[in-house]
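The structure under discussion appears below in the form of structure tokens.
None of the values given here were measured: they were computed from a predicted structure. Every chain is numbered from 1 and lettered A, B, ... according to where its sequence line falls, protein lines coming before strand lines.
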Amino acid sequence: MMKPADNIIICPNCGDGQKIIDVESGELICTKCGYVIHDRVGDVHEDWSILATEPSSKLRTSPTSLARSGMGLSTIIGRPDKSAGSGLNAAMRSTFDRLRAWDFRVKGQDERSLRRAFVELDRLRGIIQLSDAIVEKTAYIYRRAQERGLVRGRTMRAILGAAIYIVQREMGISGTMDDIIKATNTKEKDLARAYRILLRELDLKVPMLDPVKCVSRVANNANIGERTKRRAMDMINDVIKSGQAAGKDPMGLAASVLYIACLCSNEPKSQATIAEAAGVSEVTLRKNQRMIVGIRQQTTESIL
DNA sequence: TAAGATAAGAGGGACAT
DNA sequence: ATGTCAGTCTTATCTTA
């Protein structure tokens, strides 16, 4: 499912120029005070630092609007795959042209395997909804991966999927890995491994997904009330401040915090419900829960 | 310098309560 | 529904050739 890029606007509640981030539910939520607005305004802000280093290519002007036009509705009406034939191939051709322009010293064999990969990428594009911009950036990453010999010994699809995931994360599109797993028909382990390798070897940095955003997302998935959500957001900020959240899966933290918040707010939700909404196991939720409760006890004791 | 050994930490499954 | 434990996977660090 496609999500729009992050919108950064001013929060009308706390006003202080706080950021408001468009989470996948389509809500706008202030990362500081938790205020929720329902109007969707603000200019879409996209940045692509990697490609910005390419001097003469005007990649950012590529027409993504066409691919995006079906966003949202198309998941209900059905895939616009019929129109894919001509349009996509044209887009892929332009991608090829650009890639070739970047480096004309490609060897024949490399180019052939590259082409195979891009054919697969084209297929993926029809399954998951990928904008032109995503396809191009994915292709760029894949090409770099192949240049460094990272593809050898791994499946091409895993690398492609990982590249897609990275691009989505960089663009603030919180796509799920599950979609990619299904589309690429790879094992999660392979995909995750490829993902880590790409990050390390290509020096890519993906913005850590914001735990506050995660709380909001999970809360919406699990139909948790506004007050409880707010409480959970406060709580997770404390957890982050305590420093004990380092290296933990933000989704797991979000789930645990929400569970505790539900207990406090007398809004009964089972661990299973919340864990499922967050895409983590109940075990993880419990472990984090214990840790968080420990933190809260410590802080309250230190206050007393 | 590169490849193996070991330890620590995290997440998930199975079972018990 | 919730709590507990053993086995798995990954990364970092140390060792060995």
Taking all heavy atoms of Ile295(A) and all of Val239(A), pick out the closest pair and write down the distance.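 Here Ile295(A) and Val239(A) meet closest at CD1-CG1, 4.3 Å.
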Does Lys269(A) or Lys287(A) map to a spot on DNA chain C nearer the 5' end, using the closest nucleotide for each?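 Upstream on the strand: Lys269(A).
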Could you say whether Glu282(A) or Ala192(A) is positioned toward the 5' end of DNA chain C, judged by the nucleotide with the nearest heavy atom to each?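 It is Glu282(A), whose closest nucleotide lies nearer the 5' terminus.
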Please work out which residues in residues 251-265 of chain A have a non-hydrogen atom less than 4.0 Å from an atom of DNA chain C and list them by number.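 When residues 251-265 of chain A is checked for heavy atoms under 4.0 Å from DNA chain C, the hits, listed by number, are Tyr259(A).
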Can you get from Val280(A) to Val283(A) by hopping between Ile, Leu, Val, Met, Phe, Trp and Tyr side chains that sit under 4.5 Å apart?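 No, it is not one cluster - the side chains of Val280(A) and Val283(A) are not joined through contacts under 4.5 Å.
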Counting only heavy atoms from other residues, nucleotides and ligands, does the tally under 6.0 Å from CD of Glu201(A) exceed 12?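 It does: Glu201(A) CD has more than 12 such atoms within range.
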Students often get this wrong, so: under 4.0 angstrom with heavy atoms, is Lys189(A) touching a base, only sugar-phosphate, or nothing?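 The answer is sugar-phosphate, as Lys189(A) gets under 4.0 Å only of primed atoms, P, OP1 or OP2.
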Sugar-phosphate, base or nothing in reach of Arg290(A), heavy atoms under 4.0 Å: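 If one applies the 4.0 Å heavy-atom cut-off, Arg290(A) turns out to touch the sugar-phosphate alone, with no base involved.
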Roughly how far, to the nearest 0.5 Å, is the CD1 atom of Ile141(A) from the CD1 atom of Ile164(A)?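 Separation between the atoms: 10.0 Å.
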Residue-phosphate contact under 4.0 Å: [X] side-chain N/O, [N] OP1/OP2:
X         : N       : value
Thr284(A) : dG12(B) : yes
Arg196(A) : dT11(C) : yes
Gln271(A) : dG3(C)  : yes

